[in-house]
Amino acid sequence: MSDQQDIKNDNGTPTEIASQDVYNSNGDKTQPAEEILNALNALNPKTVSNATQNGHGLDLVQQEVSQDSQQDPPSEWHALREKLREHPQDPEGWNKLVDIAENAGDLDQIKQTYEALLETYPNTSSAQIAYLNHFLSPGLFQYAEELFKRFLRTSPLVDLWKFYLTYVRRVNTSPTSREAVSRAYEFALNRIGQDKDSGEIWSDYIQFLRAGETTTTWEEQQKMDALRKVYHRAVQIPLENVEKLWSELETFENSLNKITAKKFMTDLSPSYMQARTVLRQLQRHLGPLFPPPPASSTSRPPIYLPPVPTFNAAERALVGSWKTYLKWEDSNPLEFEEKDKATLVSRIQGVYRKAVIRMRYYSEIWYMAFVWTTSIGKQEEALNILKAGMEANPTSFLLHFAYAEAQEGRKEYGEVTATFDKLLDTLRVELEELESRVNSANSSFSSDASGRTAPVGVPNVSGTSLMGFTEAGMASTNSSFATQVSDEKPPKSKELQERRTEYGLVWIMYIRYARRAHDLKTFRAVFAKARKDRWTPWEVYEAAALMEYHCNKDGGMGVASRIFEKGLESFGDEIEFVLRYLGFLISVNDDNNARALFERVIPTFSVERARPLWERWARYEYQFGDLEAAQKLEKRIAEVYPTDPPIKRFAQRHTYLGTDAIAARDLGFAMADSLLSITSAAHMPPTQPPPKRQPSPELKRREESVKPEFAPPAKRARPMSPPRDRDRDRFSDGPRRRFGSPAAWEKDRDREPHPMKRDREPDDKSTTLPAVLSWFVGQLPNPASFDGPIFRTDDLMMLFRNAVIPSATRRPSPPPPPPPPRGRPPPDYGPYQGPGGGRRRY
């Protein structure tokens with residue numbers, strides 16, 4: 001196509017691209033537009049320059065644009081591959097990409113697909129086996145063996161090792177290559193032989209040894225010894241087929257020598273019984289950990305890829321099951337002795353490797369693997385586990401902090417700095433993405449009532465800018481219009497604030513490390529970098545100030561105050577930061593600067609937001625100021641909060657460490673507490689004895705057969721009335737709760753009454769009773785105080801249902817047949833005899 005275009009251009013036939021042509025006032029075509037030349041110049045400056053000088057600029061531009069327009073759109077595979085580059089944690093997308101590559105049949109595309117998948121999900125055996133299946137042709141064995149070397153080095157999964165052994169036996173079919181096959185089996189069993197699912201490999205190895213041909217007695221003896229050795233190893237492992245292997249071993253030993261067979265079986269019996277017991281426990285542990293994979297939509301086997309966790313109830317339960325299983329394996333259930341410690345380490349190591357593959361996106365599992373590997377003295381391998389975990393979880397605080405701390409202990413300070421910088425970069429990208437989502441979600445707040453967008457700061461109809469109203473609302477709280485405008489402002493995102501605080505935690509750990517591992521100069525350099533970061537929260541300033549105060553013995557107080565002042569410039573609207581600054585000044589006994597700070601910041605906050613500042617300064621004045629200053633402050637607080645009762649401030653001046661005697665004794669809160677506890681105890685249902693098991697029908701018939709006919713009718717034991725807490729909850733307004741408490745006067749004394757939480761909501765929320773009926777119900781005695789006869793409601797309803805009521809208009813019908821017995825004696829509706837069997841009748 002390009003050759004044809006060149007020929008046409010050489011013949012003087014220009015390509016028509018009307019959208020790119022620029023005409024002058026006479027209608028003639030001119031040189032290409034400036035933006036087109038700039039774009040082409042960026043691609044190939046020399047070609048564009050030469051073409052322009054030669055007067056063929058238009059032809060060149062038309063040719064390039066024509067080539068671009070004739071490019072085919074990206075295929076489905078390429079489009080999906082680009083999407084997975086941006087969001088790689090997408091199991092469904094990867095399975096779809098594999099299907100597209102498999103259906104296309106392009107081997108290069110299949111390679112790219114599986115290599116990219118295994119880069120995101122390493123050690124996924126199902127994907128590795130599917131990848132290897134494409135290279136099992138005789139001409140591609142070399143590439144398959146290279147893949148086996150890569151995959152088997154770190155894989156603890158039995159199905160991949162089975163596939164490897166199948167390949168080894170396929171390419172080693174001659175009798176002279178039996179030694180290579182035997183070495184392959186030993187290599188595999190040394191790596192995954194302790195796995196519960198490796199029983200099939202043990203059986204195949206035994207059958208392979210049995211099939212070996214011998215020509216001399218010595219070779220036959222060597223064969224029997226090899227078989228015995230493999231059998232003895234296998235029956236001591238909790239394999240799925242351990243019982244079958246034990247039976248085969250018994251037959252094998254008896255076929256050789258019954259006397260030695262008895263000795264061998266007796267010696268192995270305790271280990272075999274232990275393995276069989278552990279197998280049952282192992283099956284209970286592993287059941288919920290490996291649910292069956294979903295059915296594949298294609299003919300190929302499904303590829304299980306771990307999803308990104310959402311930490312719902314099911315996933316939290318799954319993590320708990322894994323932790324329980326790992327701790328159980330750590331407890332050495334097989335009771336390996338010290339001489340077999342290498343086998344125990346190999347077994348637990350394989351378990352942790354399987355855990356981090358299956359639970360790839362759970363940092364806690366990676367950290368458990370790191371701790372265990374460190375405990376056995378393998379420091380390098382433990383660090384590699386943390387590296388792999390950080391690649392899988394690039395935003396994990398747990399793994400990055402653990403890796404930084406481990407490298408700091410090894411004096412690898414460059415690695416620590418790189419770890420913190422990388423984590424900060426990753427979190428910064430997440431914060432920017434979250435900010436863009438929040439801004440797009442809150443864009444609707446800036447639209448007016450007619451649905452048109454009203455940007456902030458644009459004058460409204462009255463000529464006053466919205467920004468002016470916002471500032472007025474922040475400065476004054478007496479204007480209802482200001483309050484209305486502040487309500488219309490988009491609220492701060494709670495998630496964004498939490499993420500920003502977590503981001504600041506990384507900076508705090510960073511400056512701690514810098515001061516700890518280096519000196520104050522390095523710490524100040526790191527803090528200077530943090531100050532330039534727009535996402536740095538106020539907590540970083542406070543941490544840096546306190547570090548200067550505590551670690552700098554020469555002028556640390558002044559440096560800390562300057563850091564707080566710098567933070568106040570950026571976070572003067574954060575009430576928490578101002579409170580921390582005020583508390584710091586009070587703690588260092590700098591009362592003059594503390595008072596100056598309070599007077600400076602208190603006008604900048606609204607009445608509702610400023611209450612914690614008033615409360616903090618009031619506590620300081622009450623404890624360490626004079627009476628006149630305390631009374632003046634109370635007067636100011638009363639002007640700001642006119643609805644607060646005067647007794648509240650007075651009682652606060654006479655409180656210490658939460659002991660409020662005025663509230664407890666003079667206002668009666670202590671008595672209210674005691675009455676509440678007495679009432680709650682009285683309304684608790686009485687403890688019922690455990691129900692007795694009903695006698696069997698045969699025993700009941702025997703007892704009735706020996707009972708004399710003139711004996712009084714057997715009295716049926718009536719169970720006590722069930723507690724009527726449901727009715728009580730329906731008529732009451734929840735458990736009584738005192739409105740204030742001596743230990744928390746500031747929290748409860750003056751706050752507005754809110755709906756109190758209850759552990760159990762009433763069954764009928766819409767049921768309300770008039771005040772008179774509520775009072776009447778409250779005067780009724782406790783149901784537990786009733787000691788009269790108790791009737792079962794279902795028995796009464798059955799009696800009414802079966803009752804025969806005569807009618808005057810029609811002939812009475814015969815009574816219906818009695819209901820069939822339901823496994824219990826019929827109710828006794830005779831006269832109540834009383835507790836002592838008296839003659840009183842009702």
Side-chain angles (χ1 to χ4, degrees), residues 91 94-95 98 101-102 110-111 113-137 140-172 180-205 207-208 234 237 239-241 282 286 289-294 296 298-306 346-360 365 369 381 384-385 388 391-392:
W94 284 109
N95 274 282
V98 170
E102 295 276 2
I110 291 173
K111 283 184 180 181
T113 300
Y114 280 108
E115 290 291 343
L117 187 151
L118 292 173
E119 183 180 358
T120 306
Y121 301 94
N123 291 321
T124 303
S125 60
S126 54
Q128 291 170 338
I129 293 173
Y131 188 15
L132 285 163
N133 272 321
H134 293 280
F135 303 97
L136 295 185
S137 301
L140 301 175
F141 280 167
Q142 184 176 359
Y143 189 77
E145 291 177 0
E146 293 178 0
L147 292 179
F148 274 124
K149 292 178 182 178
R150 281 174 47 196
F151 297 158
L152 295 176
R153 187 169 56 248
T154 57
S155 178
L157 301 175
V158 174
D159 49 355
L160 179 64
W161 286 92
K162 287 181 181 178
F163 192 79
Y164 163 69
L165 292 172
T166 303
Y167 166 79
V168 170
R169 297 190 66 172
R170 174 184 174 184
V171 298
N172 295 277
V181 177
S182 179
R183 287 198 305 268
Y185 271 110
E186 288 292 337
F187 176 61
L189 293 175
N190 288 334
R191 298 296 296 271
I192 48 90
Q194 292 289 325
D195 195 291
K196 175 180 71 70
D197 298 325
S198 64
E200 185 177 346
I201 297 179
W202 285 100
S203 296
D204 291 344
Y205 188 26
Q207 296 303 322
F208 171 78
I237 302 173
L239 304 172
E240 287 285 2
N241 57 346
L282 193 60
L286 296 181
L289 303 184
F290 295 93
S296 176
T298 60
S299 58
R300 65 173 179 82
I303 298 177
Y304 174 80
L305 303 175
S346 175
R347 176 182 178 83
I348 300 178
Q349 188 177 37
V351 169
Y352 274 107
R353 286 180 177 176
K354 291 172 65 177
V356 296
I357 294 173
R358 192 78 179 187
M359 308 292 285
R360 178 170 176 78
I365 304 299
E381 187 173 345
N384 291 332
I385 289 174
E391 291 178 3

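Everything numeric here is computed off the predicted structure, so don't read it as measured data. Numbers here are sequence positions counted from 1.
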query: How far apart are the C-alpha atoms of Asp204 and Leu165, what are their side-chain angles, what is the distance that settles it, and do they pass the side-chain contact (heavy atoms from CB on, under 4.5 Å) test?
result: CA-CA 10 Å; Asp204 291 344; Leu165 292 172; over 6 Å; no

task: Decide yes or no on side-chain contact (heavy atoms from CB on, under 4.5 Å) for Leu239 and Glu200, but give the supporting numbers first.
output: CA-CA 9 Å; Leu239 304 172; Glu200 185 177 346; over 6 Å; no

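Every residue meeting the side-chain contact (heavy atoms from CB on, under 4.5 Å) condition with Val168, not counting sequence neighbours, appears here in chain and number order: Tyr164, Asn172, Val181, Ala184. Listed by chain and number, the residues in a side-chain contact (heavy atoms from CB on, under 4.5 Å) with Ser182 are Tyr205, Phe208 (sequence neighbours excluded). In this structure, Phe151 has no ring pair (Phe, Tyr, Trp, His ring centres under 6.0 Å) partners at least two apart in sequence or on a different chain. In this view, Ala130 and Tyr114 satisfy the side-chain contact (heavy atoms from CB on, under 4.5 Å) rule, not counting sequence neighbours.
Using a 4.5 Å heavy-atom threshold, the side chains of Thr154 and Arg353 count as separate. Counting only heavy atoms from C-beta outward, the side chains of Lys111 and Phe135 approach each other to under 4.5 Å. Counting heavy atoms from C-beta on, the side chains of Thr166 and Arg170 never come closer than 4.5 Å. Counting heavy atoms from C-beta outward, Trp161 and Phe187 have side chains that approach closer than 4.5 Å. Side-chain contact check for Thr120 versus Leu305: every heavy-atom pair is 4.5 Å or farther apart. Annotation: side chain of Ser125 is not in contact with side chain of Phe163 (no heavy-atom distance under 4.5 Å).
Heavy-atom minimum distance, Ala101 versus Ile110: O-CG1, 3.6 Å. Counting all heavy atoms, side chain and backbone alike, Ala369 lies closest to Val356 at CB-CG1, 4.2 Å. Considering every non-hydrogen atom in both Ile357 and Pro156, the closest pair reads CD1-CD, 3.6 Å. Contact record, Gly193 with Ile237: O-CD1, 3.6 Å, taken as the closest heavy-atom pair. Between Trp94 and Thr113, the closest heavy-atom pair is CZ3-O, 4.1 Å. Here the closest heavy-atom approach between residue Arg358 and residue Pro306 is recorded as O-CB, 3.6 Å.
Between atom OH of residue Tyr121 and atom OH of residue Tyr304 there is a gap of 10.0 Å, rounded to the nearest 0.5 Å. From Lys162, atom NZ reaches atom CG of Leu157 across 11.5 Å, with rounding to the nearest 0.5 Å. Note that the CD1 atom of Ile192 and the CG atom of Leu160 stand 9.5 Å from one another [nearest 0.5 Å]. Of the inter-residue distances, the one linking Leu136 atom CG with Tyr167 atom OH reads 7.5 Å to the nearest 0.5 angstrom.
Listed by first and then second residue, the salt bridge (Lys or Arg N to Asp or Glu O under 4.0 Å) pairs that reach into residues 188-198 are Asp195-Lys354, Lys196-Glu240, sequence neighbours excluded. Within the structure, salt bridge (Lys or Arg N to Asp or Glu O under 4.0 Å) pairs that include any residue of residues 143-160 comprise Glu115-Arg150 (at least two apart or interchain).
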